[in-house]
Peer 1: 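Have a look at this one before I ask anything.
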2 protein chains.
Amino acid sequence: MPDTYVSNPSFFKLDATLKKIRNYWQKTFDAHCKEITVDQWLLLENLHKHKKITHNELARLTSKDITTISRIIELMVKKGLVLREAAQNDRRKVFLQLTPLGNEKYKDVRPLVLEMRKTGWKDLTEKDYVELTRILDVIYHNIP
Amino acid sequence: MPDTYVSNPSFFKLDATLKKIRNYWQKTFDAHCKEITVDQWLLLENLHKHKKITHNELARLTSKDITTISRIIELMVKKGLVLREAAQNDRRKVFLQLTPLGNEKYKDVRPLVLEMRKTGWKDLTEKDYVELTRILDVIYHNIP
DNA sequence: TAGCAATAGTTGTATTAGCAACTATAAGTA
DNA sequence: TACTTATAGTTGCTAATACAACTATTGCTA
């Protein structure tokens with residue numbers, strides 16, 4: 001591998017792109033008074049999809065630390081979006097699920113998210129999507 | 001664009017990959033007792049390259065908020081890596097530059113970074129690098 | 001059964017992130 | 001010159017991140 005790749009800041013480009021996306025999403029949420037953060041949205045999306053899961057499972061699904069999950073969920077419980085429910089057969093576990101308000105919020109915010117994804121992918125093809133996915137997967141699995 | 005791309009979590013994959021890289025870098029720094037964070041390294045790298053720049057310029061170069069720069073630099077000054085120097089002709093400006101210790105730190109950490117970049121790019125080609133760069137650039141510029 | 005390891009989750013602490021509000025200085029304009 | 005606007009940077013606040021240390025519970029094993 002030529003030194004140019006090695007010295008070229010791909011990490012930086014990933015970081016800058018992600019920050020741009022994150023900022024755009026947050027500003028759009030704010031502009032539409034959705035009162036939700038980008039990461040809270042990610043948890044909302046996963047809770048909507050998986051219905052009833054634990055902190056640990058949510059952490060694995062979102063690539064977030066379980067302590068981070070614990071704190072974001074705390075905020076979402078305070079907002080009335082999420083319900084914590086102790087598991088019957090294992091008193092260490094806590095099941096998480098969306099409240100009716102949480103489900104409403106999901107339906108309310110989702111169209112915005114679809115629009116924003118479209119905006120980001122404008123002028124890119126299916127092949128580009130496959131390529132990006134492939135390359136990121138290789139990088140991900142290269143790292144111990 | 002088919003709905004699969006729109007609904008597919010490319011944001012999530014970017015986030016997960018970046019987190020994986022960031023974690024790996026930090027753990028490697030820690031394992032070698034470099035006493036530096038990933039973002040402090042990014043500033044160190046830019047200060048080494050540009051010698052003498054302001055907070056604002058550093059913010060633009062790193063895609064970071066100027067408040068974030070201000071606080072990271074604060075920590076680096078405390079560590080003796082960076083020197084703040086008031087500009088002569090404009091008393092609002094502060095020039096930043098590496099101390100001799102900062103330059104040492106750069107030379108000390110850089111080999112680790114090169115190694116880690118190689119690890120991440122293992123099994124990927126020059127074409128992959130160009131593709132990734134191109135796609136991320138398009139996404140970046142798609143976003144208002 | 002007693003003891004130890006593993007698992008689920010929380011709390012403490014430090015770092016990064018970004019917005020709003022602030023001070024200080026410089027530049028442009030009536 | 002006086003007033004307004006723009007620029008450079010800091011501070012307050014809230015959120016997300018990650019490691020370490022902790023509690024509580026479960027499972028394994030001698």
Side-chain angles (χ1 to χ4, degrees), chain A residues 11-12 15-16 18-31 34-44 53-60 62-79 81-82 84-96, chain B residues 11-12 15-16 18-31 34-44 53-60 62-79 81-82 84-96:
Chain A
F11 170 88
F12 167 70
D15 186 54
L18 192 63
K19 230 177 282 190
K20 188 91 184 261
I21 298 173
R22 187 181 287 277
N23 260 275
Y24 170 52
W25 282 39
Q26 190 60 61
K27 276 180 179 148
T28 304
F29 288 164
D30 292 348
K34 296 306 184 191
E35 293 187 325
I36 196 172
T37 66
V38 175
D39 295 285
Q40 284 168 21
W41 164 255
L42 287 179
L43 298 205
L44 198 68
I53 52 180
T54 63
H55 291 71
N56 251 325
E57 289 164 342
L58 196 49
R60 228 173 325 113
T62 57
S63 280
K64 288 182 190 301
D65 197 274
I66 187 177
T67 60
T68 302
I69 295 291
S70 187
R71 277 159 176 143
I72 299 180
I73 289 295
E74 181 71 23
L75 292 175
M76 295 175 82
V77 168
K78 275 184 189 158
K79 283 183 180 174
L81 301 172
V82 172
R84 288 199 232 232
E85 186 194 344
Q88 299 299 327
N89 57 336
D90 187 338
R91 290 171 59 193
R92 294 169 303 181
K93 280 189 186 173
V94 177
F95 282 112
L96 304 169
Chain B
F11 170 88
F12 167 69
D15 186 55
L18 191 62
K19 229 175 284 188
K20 187 93 184 258
I21 298 173
R22 187 180 288 277
N23 260 278
Y24 169 52
W25 282 38
Q26 190 61 60
K27 275 180 179 145
T28 304
F29 288 163
D30 293 348
K34 296 306 184 191
E35 292 188 327
I36 196 171
T37 67
V38 174
D39 295 285
Q40 286 169 19
W41 164 255
L42 287 180
L43 298 205
L44 198 69
I53 52 179
T54 63
H55 291 71
N56 251 325
E57 289 164 342
L58 196 50
R60 227 172 328 111
T62 57
S63 279
K64 287 182 190 298
D65 197 273
I66 187 177
T67 60
T68 302
I69 294 291
S70 188
R71 278 160 176 143
I72 299 179
I73 289 295
E74 180 72 23
L75 292 175
M76 295 176 81
V77 167
K78 275 183 192 159
K79 282 182 180 176
L81 301 172
V82 173
R84 286 199 233 234
E85 185 194 344
Q88 299 297 326
N89 58 334
D90 187 339
R91 290 171 59 194
R92 293 170 304 182
K93 281 188 183 171
V94 177
F95 281 113
L96 303 169

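Throughout, protein chains are lettered first and strands after them, A, B, ... in sequence-line order, and every chain is numbered starting at 1.
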Peer 1: Going by the rule salt bridge (Lys or Arg N to Asp or Glu O under 4.0 Å), which residues pair with Lys79(A) if we only count those two or more places apart in sequence or in a different chain?
Peer 2: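 Salt bridge (Lys or Arg N to Asp or Glu O under 4.0 Å) check on Lys79(A) returns nothing, list empty.
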
Peer 1: For nucleotides 12-17 of chain D, just jot down a letter per nucleotide in 5' to 3' order: B, S or -, based on protein non-hydrogen atoms under 4.0 Å.
Peer 2: BB-SSB

Peer 1: Check nucleotides 5-7 of chain D against the protein and report each pair of N or O atoms closer than 3.5 Å, with its distance, or say if there are none.
Peer 2:
from	atom 1	to	atom 2	distance (Å)
dT7(D)	O2	Arg92(B)	NH1	2.8

Peer 1: Kindly compute the distance separating CG (Leu81(B)) from CD1 (Ile36(B)), expressed to the nearest 0.5 Å.
Peer 2: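 If we round to the nearest 0.5 Å, Leu81(B):CG and Ile36(B):CD1 are 6.0 Å apart.
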
Peer 1: Using the side chain to side chain donor-acceptor pair (under 3.5 Å) criterion, which residues pair with Asp90(B)? Sequence neighbours excluded.
Peer 2: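 Residues passing side chain to side chain donor-acceptor pair (under 3.5 Å) with Asp90(B): Arg92(B).
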
Peer 1: Which residues pass the salt bridge (Lys or Arg N to Asp or Glu O under 4.0 Å) test with Glu35(A), not counting sequence neighbours?
Peer 2: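 Applying salt bridge (Lys or Arg N to Asp or Glu O under 4.0 Å) to Glu35(A) gives none.
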
Peer 1: Please identify each residue that fulfils side chain to side chain contact (heavy atoms under 4.5 Å, CB included) with Glu57(A), with sequence neighbours left out.
Peer 2: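 By the side chain to side chain contact (heavy atoms under 4.5 Å, CB included) rule, Glu57(A) matches Ile53(A), Thr54(A), Arg60(A).
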
Peer 1: Using heavy-atom distances to pick each residue's nearest nucleotide on DNA chain D, tell me which of Ser63(A) and Asp90(A) is more 5'.
Peer 2: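 Taking each residue's closest nucleotide, the earlier one in sequence belongs to Ser63(A).
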
Peer 1: Once salt bridge (Lys or Arg N to Asp or Glu O under 4.0 Å) is applied, do any residues pair with Lys20(B), and if so which ones, sequence neighbours excluded?
Peer 2: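 So Lys20(B) forms no salt bridge (Lys or Arg N to Asp or Glu O under 4.0 Å) with any residue.
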
Peer 1: Just jot down the salt bridge (Lys or Arg N to Asp or Glu O under 4.0 Å) partners of Lys27(B), sequence neighbours excluded, or say none.
Peer 2: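 Salt bridge (Lys or Arg N to Asp or Glu O under 4.0 Å) list for Lys27(B), sorted by chain: empty.
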
Peer 1: Give the rounded distance in Å between these two atoms: CD1 of Ile66(B) and P of dT11(D).
Peer 2: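 In whole Å, dT11(D) P lies 12 Å from Ile66(B) CD1.
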
Peer 1: Mind calculating the distance between CD1 (Ile73(B)) and P (dT10(D)) to the nearest angstrom?
Peer 2: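 The distance from CD1 of Ile73(B) to P of dT10(D) comes to 9 Å, rounded to the nearest Å.
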
Peer 1: Could you tell me the boundaries of the chain B footprint on DNA chain C, defined by atoms under 4.0 Å from its heavy atoms?
Peer 2: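 Nucleotide range with atoms under 4.0 Å of chain B: dT15(C) to dA26(C).
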
Peer 1: Please enumerate all residues that pass side chain to side chain donor-acceptor pair (under 3.5 Å) together with Thr67(A), with sequence neighbours excluded.
Peer 2: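 Thr67(A) satisfies side chain to side chain donor-acceptor pair (under 3.5 Å) with Asp65(A) only.
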
Peer 1: Name all residues meeting the side chain to side chain donor-acceptor pair (under 3.5 Å) criterion together with Lys64(A); count only those two or more places apart in sequence or in a different chain, and write none if there are none.
Peer 2: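 Lys64(A) satisfies side chain to side chain donor-acceptor pair (under 3.5 Å) with Asp39(A) once adjacent residues are dropped.
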
Peer 1: Who pairs with Ile66(A) by side chain to side chain contact (heavy atoms under 4.5 Å, CB included), at least two apart in sequence or on another chain?
Peer 2: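 Side chain to side chain contact (heavy atoms under 4.5 Å, CB included) check on Ile66(A) returns His55(A), Asn56(A), Ala59(A).
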
